[in-house]
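Accompanying notes for the structure given below.
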There are 2 protein chains.
Amino acid sequence: MKTVVKKSRKQQIEEKATTLFQSRGYAATSMRNLAQDLGIEAASLYSHIKSKEEILQRICFRMAEEFYSAWQEVDEETSGNAAKMEKAMIAHVKVITKDTNASAVFFNEWRHLSEPHLSEFLAMRDDYEGRFKKILRDGMASGEFKLVDEKFMMLTILSSLNWTHNWYKPDGSLSPEEVGKRLSGLLLNGLKKN
Amino acid sequence: MKTVVKKSRKQQIEEKATTLFQSRGYAATSMRNLAQDLGIEAASLYSHIKSKEEILQRICFRMAEEFYSAWQEVDEETSGNAAKMEKAMIAHVKVITKDTNASAVFFNEWRHLSEPHLSEFLAMRDDYEGRFKKILRDGMASGEFKLVDEKFMMLTILSSLNWTHNWYKPDGSLSPEEVGKRLSGLLLNGLKKN
DNA sequence: ATCTCTTGCTAACGAACGTTAGTATGTTTA
DNA sequence: TAAACATACTAACGTTCGTTAGCAAGAGAT
């Protein structure tokens with residue numbers, strides 16, 4: 001038995017826009033493109049949304065919320081910083097793989113946000129990155145991690161994780177959990193055999 | 001004594017365009033934006049270039065050439081696949097850090113290339129990625145590397161390397177060589193202490 | 001002295017852009 | 001049954017877009 005949930009028109013617009021923003025970029029996607037994909041006229045979009053940028057804002061800030069929500073289970077992990085880092089990486093990858101299109105927009109198109117949304121967005125990103133840096137700092141202090149540059153390491157970890165939106169396919173053989181595990185295993189233990 | 005090399009107007013245009021494409025994106029940068037930054041009228045640009053896209057093509061394919069050139073010294077490394085991988089990573093990072101703006105355009109704006117340039121670009125990228133995969137394959141066969149998914153590993157390595165364009169500052173304390181060394185050390189040996 | 005090359009201008013082109021106003025129709029709510 | 005809402009339309013707005021045509025002034029080469 002399949003339950004069909006009726007999606008609001010606004011949500012349909014947002015989903016189609018996500019796909020288009022992902023493949024052509026925000027600036028190169030016109031309201032007429034979007035309308036055509038929905039089978040309506042461009043002007044009709046404005047019965048549901050206030051502006052083109054409102055769509056971008058909704059996508060970006062919804063994703064930000066998802067990353068924050070996912071962090072809850074990370075803070076529950078108390079058995080060590082390596083374990084905590086693994087949990088954080090898995091949680092992060094899970095969010096990305098749940099909607100790779102929206103993730104792509106989140107990572108690539110945020111710069112088209114206008115103020116004050118842009119500043120708010122960047123502040124959230126800084127805060128989020130700070131959480132990863134804290135795990136690294138704690139892990140280095142406790143002797144679990146090698147002594148590395150905190151920021152350098154954080155950026156390297158996140159870039160590896162974030163890139164998954166480019167190649168992950170939901171119908172592939174790897175589950176989100178498995179992808180996160182492999183990535184964390186790799187970054188924590190390295191490629192080389194000892 | 002400082003030698004001033006006179007740059008052609010075309011080159012000046014290309015450099016300003018690179019900066020603009022990097023910060024605003026290709027689609028969101030207008031020819032009038034570009035002209036204004038150069039202190040001339042938009043129409044005047046067309047005394048030097050054929051089209052807006054020609055600029056993007058020149059940036060993308062020049063970077064592609066640089067990545068290929070840099071590979072020469074990689075093939076000279078014959079003392080093992082771990083050493084070869086390190087060399088490849090350093091060479092790759094060196095190219096990126098030499099011009100982070102052009103690298104950003106190369107990585108983010110190539111999708112705005114029209115055919116047949118887009119296909120040519122993607123073919124080159126596939127070929128280049130194949131070279132990294134070959135080192136991985138050889139290293140796994142020789143027992144130097146752990147047995148991992150080849151494509152998965154290649155994508156993870158390259159995403160870490162490619163992200164450097166976002167944070168590397170030429171006036172910072174790390175040389176390109178040093179950045180490459182640290183990244184390869186990290187990906188080969190991992191974060192965790194044994 | 002003439003020619004060619006570089007560099008830039010003004011004026012304008014047709015197309016596409018995001019968006020608004022005003023209207024119509026069917027559906028849900030009171 | 002009436003009011004409110006959801007959805008979509010046509011027509012058009014002012015703006016910006018990439019680009020072309022045609023012209024002009026100065027520099028370097030022959």
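Just so it is clear: chains get the letters A, B, ... in the order the sequence lines come, proteins before strands, and each one is counted from 1.
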- request: Tell me, yes or no, whether the heavy-atom count around B:Gln72 atom CD, taken from other residues, nucleotides or ligands under 6.0 Å, exceeds 12.
  value: no
- prompt: Got more than 12 heavy atoms from elsewhere within 6.0 Å of NZ, A:Lys16?
  reply: no
Between [X] and [N], is there a contact of a side-chain N or O with OP1 or OP2 at under 4.0 Å?
X       : N      : result
A:Ser30 : C:dA16 : no
B:Arg32 : D:dT19 : no
B:His48 : C:dT7  : yes
A:Tyr46 : C:dT19 : yes
A:Ser44 : D:dT7  : no

Whole-Å distance between [N] [atom2] and [X] [atom1]?
X       : N      : atom1 : atom2 : value
A:Glu54 : C:dT19 : CD    : C1'   : 14 Å
A:Ile49 : C:dT20 : CD1   : P     : 10 Å
B:Met31 : D:dT20 : CE    : P     : 10 Å
B:Lys50 : D:dA21 : NZ    : P     : 15 Å
A:Ile13 : D:dA8  : CD1   : P     : 8 Å
A:Leu34 : C:dT19 : CG    : C1'   : 14 Å
B:Ile55 : D:dC17 : CD1   : P     : 14 Å
B:Leu45 : D:dA21 : CG    : P     : 17 Å

field: Trace of the salt bridge (charged side-chain N to carboxylate O under 4.0 Å, His left out) decision for B:Glu86 with B:Lys181
entry: CA-CA 7 Å; B:Glu86 187 187 22; B:Lys181 275 214 178 82; 5.8 Å; no
- request: Among the candidates D:dT10, D:dT19, C:dT10, find the nucleotide nearest to the side-chain atoms of B:Glu41.
  value: C:dT10
- line: With the side chain defined as heavy atoms from C-beta on, A:Lys52 is closest, among C:dG18, C:dA11, D:dT7, to C:dG18
- prompt: Any side-chain donor paired with an acceptor under 3.5 Å for A:Asn162 and A:Ser159?
  reply: no
field: Pair B:Ser142-B:Glu144, side-chain donor/acceptor within less than 3.5 Å
entry: yes
- request: Let me know, please, whether A:Asn33 or A:Ala43 comes out on the 5' side of the other along DNA chain C by nearest nucleotide.
  value: A:Asn33
task: Spell out yes or no: do the side chain of A:Ser47 and the base of D:dA8 have one donor N/O and one acceptor N/O closer than 3.5 Å?
output: yes
